[in-house]
> 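So that we are looking at the same thing, I have put the structure below in structure tokens.
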Protein chains: 2
Amino acid sequence: MPTKTFFNLPEEKRQNLIDAALREFSRASLADASIANIIKDACIPRGSFYQYFEDKADLFFYILEEHSARNREQMMVLAIKHQGDLFTSSAEFFETTLHRYIHDERSETREFARNIFLNMNYKIEYKLILDVKNPTTRERIREFYRNYMGVIDTSGLNIQSEEELLHLIKILRAILIQNFIQFFAGEADEQEVLHSFRLELELLKRGLYTSKSNET
Amino acid sequence: MPTKTFFNLPEEKRQNLIDAALREFSRASLADASIANIIKDACIPRGSFYQYFEDKADLFFYILEEHSARNREQMMVLAIKHQGDLFTSSAEFFETTLHRYIHDERSETREFARNIFLNMNYKIEYKLILDVKNPTTRERIREFYRNYMGVIDTSGLNIQSEEELLHLIKILRAILIQNFIQFFAGEADEQEVLHSFRLELELLKRGLYTSKSNET
DNA sequence: TTGACACATGACACCGTGTCACATATAATT
DNA sequence: AATTATATGTGACACGGTGTCATGTGTCAA
């Protein structure tokens, strides 16, 4: 987490630093980005940077968290809007988020997202949900899931328990992220990836086994 | 790719270097590993390293590819063993691979796998299938899928086209990787993650929508 | 003996990181 | 006003890792 000092900074100076960081993290992944570039861009001395942040990753995850908070909120909003329909709200979340990434007036938004998704790993993925570095993370992850699962209407779903719902959500998230990645990797354009995601949701809904064994 | 010079090296010297690299990549992720450590461990001069490899990533992906080749072969073998049963062979692949990672006599095997999965990203994930840096990659990926899909018996699957099969395989791979990650992240032990993977396969097979709309 | 080629070597220039001693500002205390 | 405390600003610097390059060594063929 950024230090208290950082939050005491005048709004303009703070935003200036964040903007410079966003530009750098749009240009390069966390691994390739350099503090040197950020401070040169933001015109602050090296020492000051370390007065605000532990290191490069500290700043990166702070920005990522701000970005992710919007996504989480959006997921909740859409789940509520669609009366707890998990599939419909997930589809709309994917569509609107993809659209926002692509058509945002700031090109940094898209490039930042690209770097996030193409360099997505465990730490970053869970950051998209909740802060992993924070010691209370486990509890907060459980709480988010509890809230989100509370909103989901299970009456239309072919599941028998809370546990199964949790696994379903896990699967949906994996598919969602994979489609974002395929888009940013250039494997599919906007239309193709929308089609792909919708198709995969249909496969999930429909089920994939017909004959042979059909026991629990 | 390593240079011709590297492959001309006497077997022992080459293996020695690979072993040292494996130790370093077991200790640290690609980003955190250092060439300095590898050459110190392998007792070769710095200049020689650059005679064999372009950089750290070149060596890393070479080792990863060797490791991945076994996994791909295993997937094929199991698909054939189970007469093209996608779900059963995927389950056995997950079980045996997880077991191998955990109980391999060389602790490096497990630690290397941990670093792979916890730092899994687009580049690494597709490397687990085929070499991404190679210019002919796209074609080779298509070929692997063509072969693999050729082996799969679709008669027991509720799918209507080749396209749907491809998406199903994508979903399975995402779930498979996610469960490996959860294991290595310490979120679940061996038994739990086996249970988790099997449950998720059942959800897929069964399908998740009951009521409401059931149109295409 | 000479030249061509493949390979070996480690000193070095370069670059980014994180730290630290010192400077400055602001407010509280006497 | 003088003093002290506390928060913040600053950039030179030591450290460590990377990739290169000039030079050295070995081998084989002409």
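A, B, ... follow the sequence lines: proteins, then strands. Residue 1 opens every chain.
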> So, is B:Lys13 near the phosphate of C:dA8, with a side-chain N or O under 4.0 Å from OP1 or OP2?
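Yes, such a contact exists.
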> Give me the ring orientation class for A:Tyr52 and A:Phe6: parallel if the planes are under 30° apart, tilted from 30 to 60°, perpendicular past 60°.
tilted
> At under 4.0 Å, does any side-chain N or O of B:Thr5 touch on OP1 or OP2 of C:dA6?
no
> Would you say A:Asn8 places a side-chain N or O within less than 4.0 Å of OP1 or OP2 belonging to D:dT8?
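Answer yes for this pair, as a side-chain N or O of A:Asn8 is under 4.0 Å from OP1 or OP2.
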> Is any side-chain N or O of B:Arg46 closer than 4.0 Å to OP1 or OP2 of D:dT18?
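For B:Arg46, the contact criterion (side-chain N or O under 4.0 Å from OP1 or OP2 of D:dT18) is met.
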> Does the side chain of A:Ser196 pick up a donor-acceptor pair with the side chain of A:Glu200 at under 3.5 Å?
yes
> OP1 or OP2 of C:dA8 versus the side-chain N and O atoms of B:Tyr52: is any pair under 4.0 Å?
yes
> Strictly by modelled atom types, are A:Gln15 and A:Asp19 linked by a side-chain donor-acceptor pair under 3.5 Å?
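Result is yes, a qualifying pair exists.
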> For the helix from C:dT1-D:dA30 to C:dT30-D:dA1, measure the angle between the helix axis at one end and the axis at the other, each built from five pairs, rounding to 10°.
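The angle separating the two end axes equals 30°.
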> Name all pairs fulfilling the salt bridge (charged side-chain N to carboxylate O under 4.0 Å, His left out) condition that reach into residues 33-51 of chain B, sequence neighbours left out, sorted by first residue then second.
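Residue pairs passing salt bridge (charged side-chain N to carboxylate O under 4.0 Å, His left out), neighbours aside: B:Arg23-B:Asp41.
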> Taking 4.0 Å as the cut-off, does a side-chain nitrogen or oxygen of B:Lys40 come that near to OP1 or OP2 on D:dG16?
no
> Where does the angle between the aromatic ring planes of A:Phe25 and A:Phe60 fall among parallel (under 30°), tilted (30 to 60°) and perpendicular (over 60°)?
perpendicular
